[in-house]
Number of protein chains: 4
Amino acid sequence: MRTTEKPRKSANGAGSTDDDLTQRRRKEIADGACVVFDQRGYANTRIADISDHLGVGQGTIYRYFTGKEDLMDHIVGHAVRRILAAMREDGVGDSPVRTAAQFVDQITAVAHRLLDMAARESVLVRVLLVQAQAARPDAIDDLTDQLAVTTAGYLANGVESGYLREDLDTAAVADAMVGITMPAMRRVLRDQLDDAGREATARTIGRLIAYGAVEPEFAS
Amino acid sequence: MRTTEKPRKSANGAGSTDDDLTQRRRKEIADGACVVFDQRGYANTRIADISDHLGVGQGTIYRYFTGKEDLMDHIVGHAVRRILAAMREDGVGDSPVRTAAQFVDQITAVAHRLLDMAARESVLVRVLLVQAQAARPDAIDDLTDQLAVTTAGYLANGVESGYLREDLDTAAVADAMVGITMPAMRRVLRDQLDDAGREATARTIGRLIAYGAVEPEFAS
Amino acid sequence: MRTTEKPRKSANGAGSTDDDLTQRRRKEIADGACVVFDQRGYANTRIADISDHLGVGQGTIYRYFTGKEDLMDHIVGHAVRRILAAMREDGVGDSPVRTAAQFVDQITAVAHRLLDMAARESVLVRVLLVQAQAARPDAIDDLTDQLAVTTAGYLANGVESGYLREDLDTAAVADAMVGITMPAMRRVLRDQLDDAGREATARTIGRLIAYGAVEPEFAS
Amino acid sequence: MRTTEKPRKSANGAGSTDDDLTQRRRKEIADGACVVFDQRGYANTRIADISDHLGVGQGTIYRYFTGKEDLMDHIVGHAVRRILAAMREDGVGDSPVRTAAQFVDQITAVAHRLLDMAARESVLVRVLLVQAQAARPDAIDDLTDQLAVTTAGYLANGVESGYLREDLDTAAVADAMVGITMPAMRRVLRDQLDDAGREATARTIGRLIAYGAVEPEFAS
DNA sequence: TATGAATGAGCGTTCATTCAT
DNA sequence: CATGAATGAACGCTCATTCAT
């Protein structure tokens, strides 16, 4: 007989102080949950594991999230926002891309930011890439779609500007560019790519996308 | 995750006929389980769901597999073998790659085979990419590692043959090539890429890897 | 993520044997639950209490009922049917009531049957009267309504036949008659009314309804 | 049902002012709890529901009652006292019953007072009749016992005075009289009996008890 | 060999109660 | 005195696994 309306977190009429505290607490809990999800896997994680990890009672978690699912939703949402932010903070407007060299730099910069983010927030990214896949498949599809759309926009600009091939299938290439950094990110998550390696890999990706792997004088 | 000793499937002492029958049965069950895992997700799938789908008793499944985990192990192993086979059945020996054009064809062919496999065996591939991620993360890492190593071999051959840039970071580029088809595969799994689309996408990938996206006269 | 359709008891295509077995099992479990609900109170009864009482696993109960609520529903439904049956098995058709004496006998008989039922099935009746009140208030209202309607029918017949006062408020009197045996039933449930006491009480009720408590020569 | 010693409300050493305030507060809380118990059912009511309804903190309730059980105890006790008062405020001493007509008036008056009370304090009465049944079965038994004993006293007086049948089973008839208004009270609680209806029903009950339902000339 | 009813450990979630502020 | 965030014991329910038939 669960007809009971969950008594909604009372819209507190006071200032935002309480709200801030609540938000801080939510973040603490979500972060802790993220760590445990990463260590044990989403399905194998009991709420008690999370509360133990945080050093709080199980009930406390339910004061801030409606359940395990809600917890994962927030983590995924947060991770997606961070990734999109990392990809977009590229100052495109600041220095418009007009040449092939700038295009390489742009791709390199984006790849570099993504790899660095994977390094800095490996737990969050690992949960997104590994755990959320099965738990929130649609969220992952949405993320890759958005990444691809943004990328396709850059490419269209390049074609228009003339520095990219006129016949470029921007949609397909955008997809390719989204996928191209994934294995490198996975290596970062496995600690197989240090600071220098990330930079080198980002540059390799930039050049590969721009000029391809073929020795120029062999290019048909 | 029982601590009790799993009663090992007795090495069956009978002839190979029985063994064949057993193998056939195992395959039937694994295939059925795969379909259900895909539909409901691994964690949400109950053994009863699988036995219902197969029209057998629950106990029967335990006569062929030690449990749900074992079932997923076999599916993952099978899927990995199929993917590796798809990537390698490229008849490299038949016609050695010696020119950039052949290189493009080779990449295009591999990408095409992977995309076609995703189309033909979408259930298997989807389970591998979506469900197995969380259930068997190491298996996925192993798969991508093997794909990368194989690819790196091809690339090394290209550098040696002279048609690929001398300074090519074969390891990084191999990783990139592994990742590059993933988004396209996901589109195939979402039915967003038909026969013709798969062929076009494969060719786009081949050309991108070989020559890059930049208009040649703008290069450098 | 409880999207899972409960796999409905498969409509078994075979004969009714299995169905009978299932029904027998359901009855066993419902009966056991009834005893425990009576002893401990519905709210204080844990599923484990019931399964312990029955000597079965907790899961077994869920093979036959969807939960604690369902269990109570069945008990209440069964109890209501029994009570209505007890009240109606009065062979009205057999010997139509035509005189005041027959009317007394009829009321006496109904009251007697209700009291005897309370004695024979005290657990069932006690659960209905005590536990179901809070758990299924509507069911109790429905029951009393039906009892009242049936009773009102008898009374209307009596008015028509002439042996009951012409100005009788049949609805109100029906209600009164429904209530009049309740305290006696409660005494039966408390073992305060033995066989003879039940018979005497039933007759007292019959006479009271028919002739009232006032000494005739004092009437009006 | 905690085994720990409930920290007894310290016998407050201060003046009676504080005591009055305390009593007022207790009453407010008990009244609020009563409303919520009625709306949601005792078992489904959380302390938070009550504190929300009252607009106070949960802890406040524990300053005035030791817990949910204690709250219900007080409500039941209060309700029982009110009902007994309603039944006894009949001014028996004022005008002793000596005739059948007075007897009818007396019964009618008592029934009327009970029905009016159910109308005026429907929440309290509904909680007593519906919720307390399962929560405090003994309290209900005690109440009906007391009502029956009081009633039996009146009847004994009537027999002695001669206006009631000499052979009247006063105990059984007292029980019957206690039960006879119950269905009508339930109708009042369900809003199925307005002011006039209650008066008419009370009179019907009075006459029924006194003279029965049988048309006098058909008697015997 | 195949079955599926039975099992019970395990987990998500709730909520009465406490206590620091 | 009042509060309400925190707690964690308790319980309903699920489902992987077993085993008698």
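Convention: sequence-line order gives letters A, B, ...; per-chain numbering from 1. Fair warning: this is a prediction, and the values are worked out from it, not measured in the lab.
- To the nearest 0.5 Å, the span separating CD on B:Q58 from CG on B:D49 amounts to 9.5 Å.
- Each of A:K68 and C:T60 was assigned the nucleotide of DNA chain E with the nearest heavy atom; the assignment lying further toward the 5' end belongs to C:T60.
- Map C:R46 and A:G55 each onto its nearest nucleotide of DNA chain F; the residue landing nearer the 5' end is A:G55.
- Nearest to the side chain of B:I47, among F:dA16, E:dG4, E:dA2, sits F:dA16.
- With C:Y62 as the aromatic partner, C:K68 does not meet the cation-pi criteria of under 6.0 angstrom to the ring centre and within 45 degrees of the ring axis.
- B:Q58 contributes no side-chain N or O that forms a donor-acceptor pair with the base of E:dT3 under 3.5 Å.
- Two residues are said to be in side-chain contact when any heavy atoms from C-beta on lie closer than 4.5 Å; C:L71 and C:I50 meet this criterion.
- For E:dA2, the OP1/OP2 oxygens have a side-chain nitrogen or oxygen of B:Y64 closer than 4.0 Å.
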Subject >> Residue pair C:F37, C:V123: steps toward the side-chain contact (heavy atoms from CB on, under 4.5 Å) verdict >> reply: CA-CA 9 Å; C:F37 284 156; C:V123 170; over 6 Å; no
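- Nearest-nucleotide mapping onto DNA chain E: of C:G57 and B:V56, the residue sitting toward the 5' end is B:V56.
- Atom CD1 in C:I50 sits roughly 8 Å away from atom P in F:dG12 (whole-Å rounding).
- A straight line from CZ of D:R26 to P of F:dA2 spans 13 Å, rounded to a whole angstrom.
- Contact check, B:R25 against E:dA2: a side-chain N or O comes under 4.0 Å of OP1 or OP2.
- One distance of note links OG1 of C:T60 with CD1 of C:I29; it measures 7.0 Å at 0.5 Å rounding.
- Atom CZ in D:R25 sits 5.0 Å away from atom OH in D:Y64 (nearest 0.5 Å).
- For A:I61 and E:dT14, the CD1 to C1' distance is 14 Å, given to the nearest whole Å.
- Atom CD1 of C:I29 is separated from atom P of E:dT7 by 9 Å (rounded to the nearest Å).
- A stem is defined here as three or more consecutive Watson-Crick or G-U pairs, each with both distances under 3.5 Å; for DNA chain E these stems are E:2-21 with F:2-21.
- C:G59 comes within contact range of at least one nucleobase, with a heavy-atom separation under 4.0 Å.
- Atom OH of C:Y62 and atom C1' of E:dT7 are 14 Å apart (whole Å).
- One finds no salt bridge joining D:R24 and D:D20 here, because no Lys/Arg side-chain nitrogen approaches an Asp/Glu carboxylate oxygen to under 4.0 Å.
- Between C:L54 atom CG and E:dT7 atom C1' there is a gap of 14 Å when expressed in whole angstrom units.
- Atom C1' of nucleotide F:dA16 and atom CG of B:D52 are separated by 14 Å, given to the nearest angstrom.
- In the set F:dA5, E:dT7, E:dA2, the nucleotide with an atom closest to the side chain of A:R63 is F:dA5.
- We find that CG of B:N44 is positioned 15 Å from C1' of E:dC11, with the value rounded to whole Å.
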